Amino acid sequence: MSAPVRRTDVPAIDIHDLRKSYGSVTALDGLDLQVGAGEVHGFLGPNGAGKSTTIRILLGLLRSDGGTVRLLGADPWADAVELHRRLAYVPGDVELWPNLSGGEAIDLLSRLRGGSDSARRDELCERFDLDPTKKGRTYSKGNRQKVALVAALASDVDVLLLDEPTAGLDPLMEAAFQACIREAKDAGRTVLLSSHILAQVEVLADRISIIRQGRIVESGSLTELRHLTRTSITILTDRPTDRLGGLAGVHNVQVDGAQVTFEVDGAHVREVVKALAELDVQGLTAHPPTLEQLLLRHYGDELAHSAQGAR
Amino acid sequence: MTAAVATPTRRTSAGTGPLTGTGTLLRFMLRRDRVRFPAWTLGLAAFMSYFVTALPQIYATPADIRAVAPLLQGPMGALFGGPGYGMDDPRLEHLLAGLYGVYVLLGAGLMSLLTVVRHTRTEEHAGRSELVRSNVVGRHAQLTAALVMTAAMNVVVVVLVGALMTGQGFATTGSWLFAVSAGAMGMSFAGVAATTVQLSEYPRAAAGAAGGALGGAFALRALGDMTSEHGNALSWLSPIGWAQQTAPYVLDRWWPLGISVAFAVATATLGYALSSRRDLAAGLVPPRPGPARAAPWLRSPLALAWRLHRAQIVGWALALVVAGGAYGAFTGPALDVFEDAPEELLVVMGGTEDIGNGFLTVLALTFGITVAVYAVLAAQTIRTEETSGRAEPVLGTAVSRAGWLGSHLLVTAIGSLVLLLASGLATGVGAAISVGEAGLVADMVLATVSFAPAVWVVLALAALLYGAAPRALAAVWALVVYGMIVGFFAPLLDLPDAALWPSPFEHVGGYPLEPVSVVGLVVLTLVAAGLAAAGITAFRRRDVLGTG
């Protein structure tokens, strides 16, 4: 018996020109987002970029100011209750009832969604090393998150909306989480995974959308996004390298004795490699951009700013 | 200049014992409580000064006081006052120390236990103690500083209350004895709190346990004082009893305060001993685990609402049953006493002709407004569910907005009805026993339950505010306060009917003095339903509030 496959031609999430503002603050400024059925979609962006607002509009918790939003082909505001039978949601900040146990909260949320598999629930508690008998007020942030994750993952739903689901989890639990998301994908579920933990999205996502200041600035598969970006190259050579800086597509040349580091736009790699052949290169390392670099390119100013603020 | 900057100041006197740093911590606590310290101490003094100035107004002549003496000597005086010293021929100071004084004693106890919890377990739970203890601070410095600070607060209360009483011209010994007994009472519960904060990890549990001990102390002495004149062994088991058995202005004995001091020292010592046996931030009593699975009935928004409101409803019901029984039992003596009562009081009670029914009608109104207070508090917990982020996961399941808010409102509306029923039943039983008229049970139930539609209007207005302008929810208190002022003072103030009209409590009739207004009840219920529906509609149209 194989898991049900839910892929269809209708995208699971289809958002066009979505707008939302809180008073004078614009949270979403013409956001477009498409997530295909059965896809694990990484939703990347810094804090305050509009990730949670988008997800809360998809849940019908917030009303959009403009644009169209379709979730599983339906309107999330008008058809909220029907849609919620087919989706599970994990908020970024999980709050539990102080005097309900974690187990009670899991059962309650699953039942309100339309029931869950009891064996699956126990198995998930085991995998996430969660003690369901503790009262809500005694859980740490990470454990509250596990309660919400178990409640969401134990349900038989089509779509998982996960808002920074692992922000409080340790690396071991993150591995358990990644395994669960892969299982969800194999079962044909659509997953929208918002995060600023880039490594996690890199490992799990089929496609990625990067949001900045309420707009999607990049969207595509990891390979497609890499195509748009620069490759970082470090060479060792005794020859003068003045020519390199003048080549089209080369940026940030830094010379440290015999070691030269620079970045090359994806479209200009061929010419640069030809030029390197004449430099008697003794050592060469090249690495593809990490998602950190993708983000740095888009929000370099903000990341530098927040890094300073954290100091 | 540079040398002065470079030379580190070395404290030669710095010790390394368990109390190191107490002085610094104490100064820090005083700085943090620069508002709270005077608020509590001056507040308690103002509370006492209110009685000191108000009583001479109510009881203008010694004859006025003698008129209420039988009441104060009886079980009612014992329940709400004290052991009744000096009540055979009471003067103002006897009333102050022996009857109203217990509330100052309770206040001092509450002040002390909350202060100790605030500066010990609350700090530990928040993790700030860890930061403090990593500095040069001894193991017992925090508890010691908290106790010293509480003692300072109690000394201020003693001085203020003593000065107030002697200033009024009351006997010096009795005045200072009463003031010191309040301070001793405060320190007794500082000691209790020093012990309870060691037991649980949670400040609320620590304050709850100490507060429960305070309530138990009150109940013990009430039982003792009610069953024998000047109390019995039960009264002597209670810290409140020790303070009251000093009998200020009557026996003027100081030695019962010795027991208070010994008790405070013993409980504080126990606290120190227990704190040495546990880790920082840990409790001696591990938190109780809950069920691993939800009960089968917990599967709908209505069941969740009931689960969340349950404890509140049960707690209120117990309090209202106790209060109802006590006030109901007051009916018989009231009938005798009110013959001589000041005229203003009788006007509030509905005139002199039907004083029994008038009294019961005022009781029913009191319970109606009290239950409205419950309803507003319950409505505020609904808003807290949303702003704390607990509503969001629920609304993220197949629960509609209307189903979520409607469930909370329905549970609160039915809860209000149950509370009115419970208070009416308890008052009726108390009154029936006191007067010997079984029919009063049904009368009183009808009287209180007839206020349900008025309470529902208050609740529904809260729902409308919550749905349409959640930040303005607190504005609903205006209606409750207005209803209270109009209800209790309209007869005195001679207000026009137009001024009464906005209060929903004025439309239920006012049973048993007046017949129940069936039309009024129906209209109120319809108004409540309309407001609630509008509130739910507004809630469906707005954004769910974030936690930010």
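Reminder, nothing fancy here: chain letters follow the sequence lines and each chain counts from 1. Note that this is a predicted model, so its numbers are computed, not measured.
- Taking both residues in full, the closest heavy atoms of W77(A) and R540(B) are given as CZ2-O, 3.1 Å, listed atom of the first, atom of the second, then distance.
- Within a 6.0 Å sphere centred on CD of E130(B), heavy atoms belonging to other residues, nucleotides or ligands number 12 at most.
- With a 4.5 angstrom heavy-atom cutoff, A295(B) touches chain A only via backbone atoms.
- With hydrogens and angles ignored, the 3.5 Å screen pairs no side-chain donor or acceptor of H84(A) with any backbone N or O of A398(B).
- L298(B) is listed as a side-chain neighbour of R111(A), based on a closest heavy-atom distance under 4.5 Å.
- Of the two parts of L96(A), only the backbone, made up of N, CA, C and O, holds a non-hydrogen atom closer than 4.5 Å to a non-hydrogen atom of chain B.
- Most heavy-atom pairs under 4.5 Å with chain B: of the set L161(A), L108(A), L59(A), this distinction falls to L108(A).
- The main-chain N or O of L62(A) is never found under 3.5 Å from a side-chain atom of D543(B) such that the two would form a donor-acceptor pair.
- For R121(A), the part lying near chain B is the side chain, with the backbone staying farther off; criterion is any non-hydrogen pair under 4.5 Å.
- Taking CD of E392(B) as the start and CG of D93(A) as the end, the distance is 9.5 Å to the nearest 0.5 Å.
- The shortest side-chain heavy-atom distance between P291(B) and E104(A) falls under the 4.5 Å cut-off.
- For the atom pair OG of S101(A) and CZ of R293(B), the computed distance is 10.5 Å after rounding to the nearest 0.5 Å.
- With a 6.0 Å radius and a threshold of 12 heavy atoms from other residues, nucleotides or ligands, E126(A) has its CD atom at or below the threshold.
- Using a 4.5 Å cut-off between heavy atoms, E385(B) contacts chain A through its side chain alone, with no backbone atom that close.
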Kindly determine whether W97(A) and L304(B) satisfy side-chain contact (heavy atoms from CB on, under 4.5 Å), including the steps that lead there. CA-CA 10 Å; W97(A) 299 277; L304(B) 173 63; 4.0 Å; yes
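- Side-chain contact between L395(B) and L61(A) is present, with heavy atoms from C-beta onward closer than 4.5 Å.
- Heavy atoms of other residues, nucleotides or ligands lying less than 6.0 angstrom from CZ of R204(B) number 12 at most.
- Counting heavy atoms of neighbouring residues, nucleotides and ligands inside a 6.0 Å radius, atom CZ of R127(A) exceeds 12 of them.
- Taking P132(A), S52(A), A88(A) one by one and counting their heavy-atom pairs under 4.5 Å with chain B, the maximum is reached by P132(A).
- Atom CZ of R541(B) has 12 or fewer heavy atoms from other residues, nucleotides or ligands within 6.0 Å.
- Annotation: side chain of R542(B) is not in contact with side chain of R63(A) (no heavy-atom distance under 4.5 Å).
- Considering every non-hydrogen atom in both A292(B) and T133(A), the closest pair reads CB-CG2, 3.7 Å.
- You'll find the side chain of L100(A) reaches within 4.5 Å of the side chain of R307(B), heavy atoms only.
- Proximity to chain B is limited to the side chain of D122(A), based on heavy atoms less than 4.5 angstrom apart.
- For the set G403(B), P296(B), S400(B), P301(B), the count of heavy-atom pairs under 4.5 angstrom toward chain A peaks at P296(B).
- Crowding of R128(B) atom CZ: a count of heavy atoms from other residues, nucleotides or ligands under 6.0 Å exceeding 12.
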Evaluate the side-chain contact (heavy atoms from CB on, under 4.5 Å) criterion for residues V394(B) and L109(A): first the C-alpha distance (whole Å), next the side-chain angles of each, then the deciding distance (0.1 Å), finally the verdict. CA-CA 7 Å; V394(B) 174; L109(A) 290 172; 4.1 Å; yes
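- Within residues 21-32 of chain A, no residue has any heavy atom under 4.5 Å from a heavy atom of chain B.
- Counting heavy atoms from C-beta outward, V94(A) and R390(B) have side chains that stay 4.5 Å or more apart.
- A 4.5 Å side-chain heavy-atom check between Y202(B) and T138(A) finds at least one atom pair inside the cut-off.
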